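Following: one structure in structure tokens, then a few remarks.
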Amino acid sequence: MCMDAMLLTEVEPLLNPLTPVTYRVVARHVETGDVVTLSLEPTSGPSPFSFKPGQFNMLTSFGVGEVAISISSAPGAPGPVEHTVRDVGAITHSLCTAAVGSVVGVRGPFGTDWGVDGFDDKDVVIVAGGIGLAPLRGAISYLVDKPGRTGRVYVLVGAREPDQITFPDDLKRWERDGAVVKVTVDVPDSRWWGAIGVVTTLLPTIDFDPARTVALVCGPEIMMRFTVRGLVDLGVALASIRVSLERNMQCGIGWCGHCQLGPLLICRDGPVFDYSAALEKLISERER
Amino acid sequence: MAGRFGWPARLAPRPGESPRDGGDGGDANENRAFGPNQRSTELPIVKLMDLSASFVVDRAGLDRLLGAMTARGYRTIGPVVRDGAVVQRQVSSTDELPQGWHDEQAPGHYRLHHDDDPSLFAWAVGPGSPKSEFYPARSLVWRASSADEVVTLEQPQEDSTPVALIGPRPCELAGLRVLDRVFAGGEVPDPHYRDRRASSFVVVAECGTPAGTCFCTSMGTGPGVADGVEVGYDLALTELKSSNEPQYLVRVGSERGAEVVEEMGGSPAAPADFAARDAVLDEAARRIERKLDASNVRQLLADNLGHPRWDDVASRCLACGNCTLVCPTCFCGGVSDATTVGGVVERHRQWNSCFDLAHSLVHTGPVRATTWSRYRQWLTHKLSTWHDQFGTSGCVGCGRCITWCPVGIDITAEVAAIAASDGAVPVYIESGGDRS
Ligand SMILES: Cc1cc2nc3c(=O)[nH]c(=O)nc-3n(C[C@H](O)[C@H](O)[C@H](O)COP(=O)(O)OP(=O)(O)OC[C@H]3O[C@@H](n4cnc5c(N)ncnc54)[C@H](O)[C@@H]3O)c2cc1C
Ligand code: FES
């Protein structure tokens with residue numbers, strides 16, 4: 001009686017935005033020792049939601065908790081949607097060990113994306129550190145496979161050790177399909193014949209046109225800062241660089257306040273941001 | 001998802017406003033360095049009517065108000081004294097209100113005393129606020145049970161009984177308007193908050209007795225409330241002292257208010273009643289000594305992230321989070337899962353505090369590991385970055401964080417100390433910060 005008619009008809013939401021939809025794990029692929037890719041399909045109903053590379057979902061392991069995980073497959077790719085999880089704590093451990101056939105909760109997709117449709121004629125330099133390749137994987141596959149693109153795709157990957165290089169199969173596939181792929185490790189082992197050193201050392205080894213380049217960067221914040229510096233030194237405009245940021249997330253929809261970084265709510269305004277002097281300041285300030 | 005839930009009329013942006021700016025004293029059309037997409041939303045039509053009629057009632061009139069709200073199916077929530085503090089509980093009669101109770105507030109200090117004053121509202125805000133009516137401290141989000149590899153999710157049935165808030169102060173109404181932007185003004189509104197807020201009835205009580213920790217005059221949120229439908233109350237009361245029993249000036253702020261006021265009895269207000277109200281509010285404003293210079297505090301704090309005062313306050317702050325719990329606008333929350341004996345999983349949502357180490361936890365550890373950075377986060381969010389995020393200040397000047405701080409840290413004194421040596425130390429840039 002106290003609500004007006006507009007409310008009654010439009011409001012009744014079927015799901016509270018904090019309630020996940022159930023998905024079934026239909027495949028589980030171990031990428032490296034502690035990184036697992038889960039292929040998910042809805043337990044009932046229509047095919048997966050639509051998303052753009054760079055967006056993330058909140059994944060629930062029932063009884064353990066919920067964490068933010070990027071979608072690691074390409075939009076429009078056939079088959080189930082994929083998420084690649086590094087086992088770093090209780091919730092990610094439970095997701096990484098989820099058996100085929102088990103049920104997880106999915107909310108999303110949330111956040112901004114890499115904007116991969118905006119630069120068909122541009123060279124795209126992708127720089128990833130560690131698990132940072134997961135949020136970029138869908139973007140790379142999409143760019144490599146997109147017909148009519150004239151720009152080139154460069155994929156530069158840094159890993160701590162050779163057996164922590166994620167997506168080895170994809171790296172080979174992208175190279176075969178025309179991308180320039182380079183990998184470096186911090187600490188080699190006896191079987192490693194590739195580059196050694198931090199990922200920024202790969203930047204001068206690729207032959208790209210900085211004036212028509214877009215760069216997508218994801219990894220630890222310090223790695224992103226040094227990568228941006230390296231890109232700018234080579235002539236890439238600051239405004240052509242995008243990074244993906246990470247903070248604690250409890251909701252993904254602007255309610256919980258955990259993902260704040262100064263003026264930003266990363267779930268709402270990010271996680272993908274255009275780089276700028278202001279953003280650089282934010283990720284450089286101590287304990288911000 | 002923008003249009004999925006629609007806008008409740010009371011929380012809707014007004015013509016020409018986008019949901020996140022303008023209105024409610026927020027920042028109109030400001031440029032934001034990291035502005036999200038501003039989207040316009042369909043606007044419901046706010047029907048205007050003549051709300052200029054005002055009345056004067058006595059205490060019996062307030063009892064008739066409680067009866068009228070109860071008869072309409074509302075749960076009436078008003079002030080009562082419990083455990084030595086004025087808090088909000090369900091009330092059915094003015095006999096339950098804090099008649100003759102007065103408070104004494106100072107940094108880290110709250111005491112009540114009682115006398116034979118017949119006033120019902122001669123006290124300032126206590127530790128509770130209307131926030132908890134719309135955003136409970138803890139609530140069940142869903143329950144999941146599984147059988148044969150099928151997980152079934154259930155959402156709790158929301159209690160749809162609307163609430164009538166009896167006697168929140170102007171600063172508390174301002175606090176709700178701030179929360180409205182957080183939970184009902186974004187792209188994904190909180191349906192529970194929005195529905196409860198939209199169905200609520202607000203009887204604001206103007207403030208004649210501010211506490212020693214109040215600074216609403218600095219934040220433009222009190223001691224009185226303006227006339228008009230956009231202010232967000234249904235009825236506004238002013239307790240007028242008269243020779244024996246207090247009288248109540250009742251102003252109408254909505255059509256629903258106009259309907260209810262007819263059942264309160266009383267007589268049309270005379271110019272002398274408005275003069276008496278002015279005297280109450282002038283006296284209240286005069287008694288508020290605490291000040292915060294809100295004119296440039298947003299920029300001041302943004303420019304002083306490395307100020308030595310943060311070290312000073314960090315040496316006093318216990319990081320207990322009391323300030324965030326009593327704050328009428330602090331909205332941080334989190335979820336946690338628990339499995340019951342029968343294997344049923346429940347996810348609860350509860351208030352969180354940015355003073356908690358786990359608030360900023362990522363797998364390499366907390367981003368804000370020190371009390372220094374957590375106090376700075378709280379204060380800069382409240383007074384500076386809140387503008388960037390929600391187009392308004394997060395502070396309404398109620399003074400609760402000062403009163404309820406166990407060591408008496410005073411937000412106004414911290415801001416003044418920073419302003420007094422603006423720019424004292426440049427921002428310290430660390431070379432590390434690896435959070436891989
Ligand atoms: C937008 C975004 C995208 C992400 N994408 C991926 C991805 O594709 N693959 C992947 O492996 N990881 C990703 N992460 C990081 C992942 O969310 C954390 O590693 C994970 O939350 C750790 O949780 P845990 O319980 O296993 O670890 P614990 O350390 O036990 O975490 C305890 C609590 O802290 C919170 N928490 C801890 N670390 C983080 C963090 N980094 N971010 C947010 N909350 C955290 C969790 O909510 C959890 O409740 C992403 C994070 C964000 C913000
Ligand atoms: S994750 Fe909750 S506000 Fe961003």
Side-chain angles (χ1 to χ4, degrees), chain A residues 1-4 6-7 9-11 13 15-20 22 24 43 60 62-66 88-89 92 101-103 105 129-132 219-223 246-248 250-251 253-258 260 262-265 268-269 273 276 278-279 281 283-288, chain B residues 5-6 8-9 32-34 36 44 72-74 141-142 144 146 149-151 153 155 162 182-183 186-188 190-192 195 198-199 201 305 331-337 339 345 349 352 354 359-363 367-370 373 381 385 388-389 427-430 432-436:
Chain A
M1 121 247 313
C2 45
M3 293 195 181
D4 43 75
M6 186 201 96
L7 273 175
T9 50
E10 270 192 67
V11 164
L15 279 182
N16 184 309
L18 291 180
T19 304
T22 53
R24 194 172 301 282
T43 51
T60 288
F62 287 101
V64 187
E66 188 178 50
V88 296
T92 48
S102 61
V103 173
I131 189 69
E221 281 174 18
I222 176 124
M223 166 270 180
E246 181 187 326
R247 282 293 181 275
N248 190 303
Q250 300 281 316
C251 74
I253 48 180
W255 301 358
C256 79
H258 279 261
Q260 288 180 69
L264 307 174
L265 290 170
R268 182 187 83 178
D269 306 326
F273 293 94
S276 64
L279 192 76
K281 190 163 174 280
I283 61 174
S284 305
E285 279 154 2
R286 184 179 147 209
E287 292 188 46
R288 191 76 192 273
Chain B
F5 301 109
R32 239 166 272 135
F34 304 92
R72 283 171 168 74
Y74 287 82
V141 184
W142 48 255
S146 61
E149 301 209 323
V150 174
V151 174
L153 282 164
Q155 291 177 164
V182 175
F183 290 128
E187 219 168 291
V188 186
D190 174 346
H192 174 83
D195 292 357
S199 65
F201 188 95
L305 296 172
F331 64 88
C332 281
V335 291
S336 59
D337 288 15
T339 307
V345 176
R349 176 183 178 195
N352 280 177
C354 58
H359 188 274
S360 63
L361 190 66
V362 293
H363 75 273
V367 174
R368 291 185 281 276
T370 59
S373 60
H381 185 219
T385 55
D388 300 286
Q389 295 169 3
V427 178
Y428 166 61
I429 310 274
E430 74 170 350
D434 187 344
R435 302 188 194 95
S436 60

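Here is how names work: the chains are called A, B, and so on, in the same order as the sequence lines, proteins then strands, and each is numbered from 1. Computed from a predicted model, the values in this text were never measured in an experiment.
Contacts between Asp190(B) and chain A at a heavy-atom distance below 4.5 Å involve backbone atoms as well as side-chain atoms. Interface residue Ala144(B): only side-chain heavy atoms are found under 4.5 Å from chain A. Proximity to chain A (any heavy atom under 4.5 Å) is restricted, for Leu153(B), to the side chain, taken from C-beta onward. If you measure heavy-atom distances from Thr43(A) to chain B, you find no contacts under 4.5 Å at all.
Across all their heavy atoms, Trp255(A) and Pro191(B) have their closest contact at CH2-CD, 3.9 Å. Considering all non-hydrogen atoms of both residues, Thr385(B) and Pro263(A) come closest at CG2-N, 3.6 Å. Among all heavy-atom pairs drawn from Leu18(A) and Trp142(B), the shortest one is O-NE1, 3.4 Å. Between Gly254(A) and Phe331(B) the shortest heavy-atom distance is O-CE1, 4.5 Å. Closest approach of Gln260(A) to Gln389(B), counting heavy atoms only: OE1-NE2, 3.3 Å.
The side-chain hydrogen bond (donor to acceptor under 3.5 Å, both in side chains) search around Gln250(A) returns Asn248(A), not counting sequence neighbours. For Ser373(B), the side-chain hydrogen bond (donor to acceptor under 3.5 Å, both in side chains) partners two or more places apart in sequence, or in a different chain, are Glu287(A), Thr370(B).
The aromatic rings of His258(A) and His359(B) lie parallel to each other, with less than 30° between the two planes, well short of the 60° mark.
Most heavy-atom pairs under 4.5 Å with chain A, from the set Val182(B), Val335(B), Thr339(B), Val150(B): that is Val335(B).
Put simply, CZ on Arg349(B) and SG on Cys256(A) are 9.0 Å apart, with the number rounded to the nearest 0.5 Å. Considering CG of Asp337(B) and CZ of Phe62(A), their distance stands at 8.5 Å, rounded to 0.5 Å. Expressed to the nearest 0.5 Å, how far OG1 of Thr19(A) lies from CD of Gln155(B) amounts to 3.5 Å.
A 4.5 Å side-chain heavy-atom check between Leu305(B) and Arg288(A) finds at least one atom pair inside the cut-off.
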